Engineer: 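Could you have a look at this structure, given as structure tokens, before my questions?
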Amino acid sequence: MPQPDLVVRGQRVITPKSDGPASVHVRGGRIVGVYEYDDAPDGCEMFDAGEFVLLPGLVDSHVHVNEPGRTRWEGFETATRAAARVGATTIVDMPLNSVPPTTTLEGLREKLEAARGRCRVDVAFWGGLVPGNLGSLAALREGGVVGFKCFLIPSGVREFPHVTEGELLPALYEIARLDAPLIVHAEMPGPVERALSSCCEGDAAGDPRKYETFLRSRPREAEDEAVALMLRLCRETGARVHIVHHSSSDSLQLLREAKTGALPFTAETCPHYLTFASEEIPDGATEFKCCPPIRERENRERLWEALADGTIDMIVSDHSPCPPEMKRRREGDFLKAWGGISSLQFRLSVVWTEARERGHTFRDLARWLAAEPAKLVGLAARKGSIAPGRDADFVLFDPEADARVTPETNEHRHKLTPYEGRELKGEVLATFLRGEKIYERGRFPESPSGELLLRGSKPSSDWDEDD
Ligand SMILES: [Zn+2]
């Protein structure tokens, strides 16, 4: 066995195979072996996690960094600080809300220019599928994007329009040929337009300060129809399809059928759908607005069941911040406010707080927050688990700590978040990226050491082959 230059060990090391004592041997920033706790050669650097939990570096495959072009909303420096603080050693940036969007090779180049040298964690990139850019997809894939995102309903920004079924079909054949996943904002416009005209227009219009009015404007049917459409297209084209930020429990049955049929069809949900309930959202509290919406308590519990039985594969943040004035907090108008929740830094503690109440384990956390997102973006050979060959990315987590969300410890560019003031269980004590500490108890090293992960720019063993 190769001589390690660092050994990280502890009593609760969460690997794909176990959750007990182990000693992780690291050489040149990579894990070279996982052995018995006492198996630690003399003379190498040693870090002992003691009784704290050692999790794999988390992977957050759904983050809107908004840079370049909307750096006032967020940015690589602030977003990756927040990521380091929550133990997310890899984030994957969304192709929209930045200007230009990542829908052309030129857009990707500008994105890389904005990110280079500024990231405290590793960053990979999604490309975008929009009407008319079918011819750019191969170049984007060649340029290193992990896959493509599209919307089935207006996205909220003009430069990233949604696609129709007619545009999806040829795109899915092309995306299958490129062996990339298509991730889909799955809401259909029809049910939303019908709901809007009945609940939000005319004399019978609901009060826009009431969450209930907004909830009625984004009915479950919009998601259910979209999931059904994508399932049909997945079957027809064989392309890999992934549903982002799934909220409606009414379409869980369809997701189950996809799993039973062994289709290349996966889904994620987000901490806010698993934590909040529409019944409890105060009037005017627009920091809770996102699309699809946070639904009822009963819906939330069914999402937890779907995570438990593997119907939903992962939990990612969908961190989608904006300047506070766009949330129109003063008027409290849910219909006019920007839809997006700021949450990158809170995913681990928020999920742990809820998961422990429902009897879930650290291995569940490692699967939902690290291994499955890494697999989605083709990085499972390098990220998302404590196993030989992977990067030496770790999170030192104190699961019993009581932590409160405050603006002082919030690293996001803007502090407005629905988690403000919330008492959470668990705290990240330190984060390691390739064997180097990039965060420890409120402190960061001077210079950022994150890499830009581009498919094709490294030896191919770093990226997963076809599956
Ligand atoms: Zn998003």
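Start at 1 and go down the list; that is how both ligands and their atoms are numbered. It should be emphasised that the depicted structure is a prediction, and the values quoted were computed from it without experimental measurement.
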Engineer: Indicate if the distance from the Zn ion (ligand 1) to the nearest N, O or S atom of His64 falls below 2.8 Å.
Structural biologist: yes
Engineer: Side chains of Thr266 and Asp313: do they bring a donor and an acceptor to under 3.5 Å?
Structural biologist: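 Not at all, the side chains of Thr266 and Asp313 share no donor-acceptor pair under 3.5 Å.
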Engineer: Can you confirm if the aromatic rings of His412 and His319 lie within a centre distance of less than 6.0 Å?
Structural biologist: yes
Engineer: When the ring centroid of His64 is compared with that of Trp73, is the distance short of 6.0 Å?
Structural biologist: no
Engineer: Is it true that Asp250 and Arg220 make a salt bridge, defined as a side-chain N closer than 4.0 Å to a carboxylate O?
Structural biologist: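 Salt bridge: yes.
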Engineer: Looking only at N, O or S atoms, which one in Asp318 sits nearest to the Zn ion (ligand 1)?
Structural biologist: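 Closest to the Zn ion (ligand 1) among those atoms: OD1.
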Engineer: Check whether any N, O or S atom of His62 sits under 2.8 Å from the Zn ion (ligand 1).
Structural biologist: yes
